[in-house]
Number of protein chains: 2
Amino acid sequence: MLQPAENDTSEALTERQQAVLDAALRLLVEEGDNLTMTAVARRASCSKETLYKWFGDRDGLLTATVQWQASKVRVAAVDREKLDVVSLTATLERFASDWLKVISSDTSIALNRVAVGHAGSGKDDLGAVVLQNGRFALARRLKPVLEAGRQAGLLEFDDAETAFRTFFGLVGRDVQIRLLLGDRLELTEATIGGDARRATQQFLALFGATTGPLAL
Amino acid sequence: MLQPAENDTSEALTERQQAVLDAALRLLVEEGDNLTMTAVARRASCSKETLYKWFGDRDGLLTATVQWQASKVRVAAVDREKLDVVSLTATLERFASDWLKVISSDTSIALNRVAVGHAGSGKDDLGAVVLQNGRFALARRLKPVLEAGRQAGLLEFDDAETAFRTFFGLVGRDVQIRLLLGDRLELTEATIGGDARRATQQFLALFGATTGPLAL
DNA sequence: AAAAGGGCGTACCGTACGTTACGGTTCGGC
DNA sequence: GCCGAACCGTAACGTACGGTACGCCCTTTT
């Protein structure tokens, strides 16, 4: 469940099918898990029969939808940088900021909501999918950066996983759970930027290699 | 939504009613949001009619259940301590450890799952209730400690809220979201203890007042 | 002891929704 | 121009479940 499969979910998805999934996705954001097959069909201007032929059943449609969204988010990996302390800082800030933007987006919230809801009754693997394309994808992309930072003598840690999880915590804090639970919590561009900077500085303060105390 | 109401939800709950809610709670843990009124009635050995008379409707039963659980968790506030660095550390570790135990418990996971699920379609306020008795209750109990630590010159921060949120992030990291999304993730007593210690040390490293670097 | 109320068990009703079936339409290939 | 495939729109089916009604028991009250 950890390292598997760059799931190339976009396997054989016709234009039309993608359009349908987009419609489903929009509806999912608006209606949450209450969306009905009829509603999706109407919104996508397709017949229910087609939905069932393509996606099997409701759960199939849902997982296809979340995988479709996941496939759209796949971000370019960070290119090998020169790796001084300033570029490392910039990279971390960028990660933090991007991540905050993602988890505070309407679609992410909606997707996580249904995934969490379904996670209890093991009918589908929505939870695993979201986890895979969320938290674990982030780790996969960030760890190389951390390792490189350590190689370059800029960072100090024993376990990249632990370091990553600390960074994750410093960035996300209570944001995601609050949003998922319906707390209004406006993250403006500015707030996100500030939080990203703060998290990065805190992370460097904890894991930076003997670089004199950075001003918080 | 922030400071309101020590919700004395236990207002007029007969023994029998509490027993019914306990049954509902157990069922909620097992079945998630799929629980049916019939199932609750059977499990509690009561009639559906009674359920409806007591709790109005399904949502009423659900909110009553989560409030009932919340009322059980209400922990004793920390007693004014002597406030040296070691007692502060101990207190923080205790908070961290307790919190990790809570969020990794079956009932907390189940409750958060339904609350998150319902948070989208604003029929009830499960999300608010959970938030209030989870994240916000923790803040209310921890902030005084932080403030006291600052008064005593042990901690340094501008905003208690910000400091708290950082602590929250350092303790929780990715644990809650992973559990909610169905990730197996066993938190043994030992792991929790270690995490609590690590989080506390990191927090002190970030907010401790000029106390020479604590060994991480 | 009769009456009344609280509560259990069960049967019942209405509806929403997942799933299927069907007739009509468009479109590419012959 | 004809055939079949794919697909749209909609009607129809089956079921699960929220909510209600009713009969019976048991306990308490007078």
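In this text the structure is predicted, and so the values were computed from the model without any measurement. Here is how names work: the chains are called A, B, and so on, in the same order as the sequence lines, proteins then strands, and each is numbered from 1.
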Can you tell whether the side chains of [X] and [Y] come within less than 4.0 Å, N to carboxylate O?
| X | Y | value |
| --- | --- | --- |
| B/Arg58 | B/Asp33 | yes |
| B/Arg43 | B/Glu30 | yes |
| B/Glu161 | B/Arg135 | yes |

**Prompt:** Just one of B/Phe167, B/Phe157, B/Phe168 clears the ring-ring contact (aromatic ring centres under 6.0 Å, His included) bar with B/Phe203, so which one?
**Reply:**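 Testing each of B/Phe167, B/Phe157, B/Phe168 against B/Phe203, the sole residue satisfying ring-ring contact (aromatic ring centres under 6.0 Å, His included) is B/Phe167.
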
**Message:** For DNA chain D, which residues of residues 54-61 of chain B approach it to below 4.0 angstrom with any heavy atom?
**Reply:**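 Heavy-atom contacts with DNA chain D come from B/Asp57, B/Arg58.
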
**Item:** Selection: residues 37-50 of chain B, any non-hydrogen atom under 4.0 Å of DNA chain D
**Value:**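 Nucleic-acid contacts, sorted: B/Met37, B/Lys48, B/Glu49.
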
**Prompt:** Is B/Asp22 close to B/Trp68 at the side-chain level, that is, under 4.5 Å between some pair of heavy atoms?
**Reply:**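 Side-chain contact under 4.5 Å: yes.
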
**Message:** What's A/Leu51 touching, base or sugar-phosphate or nothing? Going by heavy atoms closer than 4.0 Å.
**Reply:**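 It contacts nothing in the nucleic acid.
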
**Asked** Quick one: B/Asp33 CG to D/dG18 P, roughly how many Å, whole number?
**Response**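 Atom CG in B/Asp33 sits about 10 Å away from atom P in D/dG18.
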
**Request:** Please state how far atom CD in B/Glu15 lies from atom P in C/dG7, giving the value in whole angstrom units.
**Result:**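 Answer to the nearest Å: 14 Å.
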
**Prompt:** Can you find a side-chain donor-acceptor pair between B/Ser108 and B/Asn112 that sits under 3.5 Å?
**Reply:**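 On atom types as modelled, these side chains qualify, holding a pair under 3.5 Å.
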
**Asked** Does a donor on one side chain and an acceptor on the other come within less than 3.5 Å for A/Arg197 and A/Gln202?
**Response**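 Per modelled atom types, A/Arg197 and A/Gln202 side chains form no pair under 3.5 Å.
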
**Asked** NZ/A/Lys123 to CG/A/Asp59 distance, rounded to the nearest 0.5 angstrom?
**Response**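 That separation rounds to 4.5 Å.
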
